> 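Below you will find the structure I want to go over with you.
Proteins get letters first, then strands, A, B, ... in listed order; numbering begins at 1 in each. Values reported hereafter were calculated over all heavy atoms of this structure, with side chains retained and with hydrogens, waters and symmetry mates removed. Computed from a predicted structure; not experimentally measured.
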Protein chains: 2
Amino acid sequence: MPSTTETLTAERILEATEEVLRRHGPAKATVVDVARALGVSHGSVYRHFRTKAALREAVTKRWLDRTSERLAGIVTAEDRSPEQRLRDWLAALFEAKRHKAGDDPELFATYTVLVDGLGGVVHDHIADLTGQLTRIIAAGAESGDFTVPDPATAARAVFHATGRFHDPGYAREWTEPGIEEEFEAVVGLLVRGLRAAG
Amino acid sequence: MPSTTETLTAERILEATEEVLRRHGPAKATVVDVARALGVSHGSVYRHFRTKAALREAVTKRWLDRTSERLAGIVTAEDRSPEQRLRDWLAALFEAKRHKAGDDPELFATYTVLVDGLGGVVHDHIADLTGQLTRIIAAGAESGDFTVPDPATAARAVFHATGRFHDPGYAREWTEPGIEEEFEAVVGLLVRGLRAAG
DNA sequence: CAGCTGACAGATTTCAATATCTGTCACTCC
DNA sequence: GGAGTGACAGATATTGAAATCTGTCAGCTG
């Protein structure tokens, strides 16, 4: 009955879950579907994930982490100035989100649905991202490029002020003409605010 | 049969519509309910509004305009500096939205539902608000308090950067502790960005 | 005759029955 | 004997028939 001789791992289940979500969408993707895709009974899936909610949480966390990891490289790019790294990081975040939303709108919509109701996962993700921002801004403060009372506060402010360019709730506006200019205007204003001598 | 002898006006219908929306919510509020509340047949309502969508659009526009009007006074408060007017205006916008959301969460949720799908009305509302912001920033540019390439662009940037504090999508976060500090951090950063000599 | 009515057709929503799914567990079978 | 199974009970989702709603319009009524 099993379609492969490979052992059933959490990772294989997550892969199958993403595939099922892609095919069926968040409302109609069932644990039974995931098990069928793997050629096992649904009881086996429950051996690795206590509940359907836990499975969804894990697959969503995995999805969010993929974005996070891509950005981490920019934080430590010592060949560029902190200001440039900040601009690059924000542009990369916008680009990554826009790409995800544009390439596979249905999967993006699926994860957008999954994400709300998963407060903890989102909170961690945001903490991760603002942590990266904090390191860039702290480097700028240390080098004298930026003048900020507190890098962590400034990082959260920058993150929230650019929400329009990374929050999934705004995804439908990411294809509008002029969005690039809006992004530049917001980032320009924020960078000037960080630079300004206090 | 009519419960009053007053003539049926668009305004009276809008008032009744808001009341019905408050009572029944957006999903269950019907034109028949509105007519019943007014003591007339639903045919009479269709004499003033071509469709249910038009009625909803009108009542939503009316609701948005009430916020707009409150803020307009701050724009022309010549006794305060442009920077202070900008801070006051943003704080008033945040406060107005937060108040609406906190006082009558169900009505707020109702209008939040109505608002999306009403692209034109929202667009006009945002144009109205950014227009007010533009006048404040232009005044600051003229007085030398601000240094900006283009007040209208800066106004849109400020508006979008503060979206977290007025966009209904974020309403549930407006009661979190620390939101005030976040607001101050974002506004502070933006004001510094506007001030900075370019 | 200007404003209002209410019966009507087609579209949409509701509700209850039916079907499917979630999560458990005693069991099987390498 | 530990990964995997599948029947099961209660929870959730689907479906289609019945009820309600939207939008129109010929005809009241003051």
Side-chain angles (χ1 to χ4, degrees), chain A residues 1-61 106 109-110 113-114 116-118 121, chain B residues 1-61 106 109-110 113-114 116-118 121:
Chain A
M1 195 78 69
S3 63
T4 96
T5 54
E6 254 179 280
T7 43
L8 187 62
T9 63
E11 180 59 24
R12 280 189 67 219
I13 293 175
L14 290 177
E15 220 127 281
T17 302
E18 185 162 296
E19 183 57 25
V20 167
L21 281 169
R22 192 194 311 278
R23 276 208 221 291
H24 295 63
K28 294 176 58 169
T30 71
V31 175
V32 172
D33 291 329
V34 173
R36 188 169 24 240
L38 289 162
V40 299
S41 80
H42 74 280
S44 300
V45 173
Y46 280 97
R47 183 166 292 282
H48 292 266
F49 296 94
R50 250 204 317 273
T51 65
K52 183 184 184 181
L55 176 56
R56 291 186 155 202
E57 184 169 321
V59 78
T60 303
K61 182 169 170 18
E106 292 185 22
T110 291
V113 169
L114 290 188
D116 63 40
L118 262 44
V121 172
Chain B
M1 196 81 70
S3 64
T4 97
T5 55
E6 255 181 282
T7 43
L8 188 61
T9 62
E11 181 58 25
R12 280 190 66 220
I13 294 175
L14 290 176
E15 219 126 282
T17 302
E18 185 162 298
E19 182 55 26
V20 168
L21 282 169
R22 193 195 308 277
R23 274 210 222 291
H24 295 59
K28 294 177 58 173
T30 71
V31 176
V32 171
D33 290 331
V34 173
R36 187 166 30 238
L38 288 163
V40 300
S41 81
H42 73 282
S44 300
V45 174
Y46 280 98
R47 180 168 296 279
H48 293 266
F49 297 93
R50 248 203 323 273
T51 64
K52 183 183 184 183
L55 175 57
R56 290 186 156 203
E57 185 169 318
V59 77
T60 303
K61 183 170 169 14
E106 292 185 20
T110 291
V113 169
L114 291 186
D116 66 39
L118 262 43
V121 173

> At under 4.0 Å, does any side-chain N or O of A:S44 touch on OP1 or OP2 of D:dG4?
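Indeed not, no polar side-chain atom of A:S44 lies that close.
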> Using the test salt bridge (Lys or Arg N to Asp or Glu O under 4.0 Å), find all partners of B:R22 that sit at least two apart in sequence or belong to another chain.
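Counting only residues at least two positions away or on another chain, B:R22 forms a salt bridge (Lys or Arg N to Asp or Glu O under 4.0 Å) with B:E18, B:E19, B:D104.
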> Just how far is it from atom CG of A:D33 to atom NZ of A:K28, taken to the nearest 0.5 Å?
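The distance works out to 9.5 Å.
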> Expressed as a whole number of angstroms, how long is the span from B:R12:CZ to C:dG3:C1'?
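The distance from CZ of B:R12 to C1' of C:dG3 comes to 14 Å, rounded to the nearest Å.
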> Once hydrogens and angles are ignored, does a donor-acceptor distance under 3.5 Å link the base of C:dG6 to the side chain of B:H42?
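Answer no: no donor N or O sits under 3.5 Å from an acceptor.
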> Rounded to the nearest 0.5 Å, how far does CZ of A:R50 lie from CD of A:E57?
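Nearest 0.5 Å value for the CD-CZ distance: 10.5 Å.
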> Which nucleotide sits closest to the side chain of A:H48: C:dG3, D:dG4, D:dT24?
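Closest nucleotide to the A:H48 side chain: D:dG4.
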> Of all the choices, D:dG23, C:dG23, D:dG4, which nucleotide is nearest to the side chain of A:Y46 once you look at every atom?
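Comparing D:dG23, C:dG23, D:dG4 against the side chain of A:Y46, the answer is C:dG23.
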> Would you give the length of the straight line joining atom CD of A:E11 to atom CD of A:E15, rounded to the nearest 0.5 angstrom?
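If we round to the nearest 0.5 Å, A:E11:CD and A:E15:CD are 5.0 Å apart.
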> What residues from residues 23-32 of chain B pass a heavy-atom cutoff of under 4.0 Å to DNA chain D?
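Listed by number, they are B:T30, B:V31, B:V32.
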> If we ignore hydrogens and angles and just use 3.5 Å, is the side chain of B:H48 paired with the main-chain N or O of B:L8 as donor and acceptor?
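Judged by distance alone, yes, a pair lies under 3.5 Å.
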> Atom CG of A:L8 to atom P of D:dG2: distance rounded to whole Å?
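Taking atom P of D:dG2 as the reference, CG of A:L8 is at 18 Å.
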> Would you mind telling me which residue lines up with the more 5' stretch of DNA chain C, A:G43 or B:R47, judged by nearest nucleotide?
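Between the two, 5'-proximity favours B:R47.
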> For B:L118, does its backbone N or O pair with a side-chain atom of B:R56 as donor and acceptor, under 3.5 Å?
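Judged by distance alone, no pair lies under 3.5 Å.
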> Rounding to an integer number of Å, can you tell me how far B:K52 NZ sits from D:dT24 P?
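The distance from NZ of B:K52 to P of D:dT24 comes to 15 Å, rounded to the nearest Å.
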> Could you give the CZ-to-P distance, from B:F49 to D:dT24, as a whole number of Å?
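One finds 15 Å between P of D:dT24 and CZ of B:F49, rounded.
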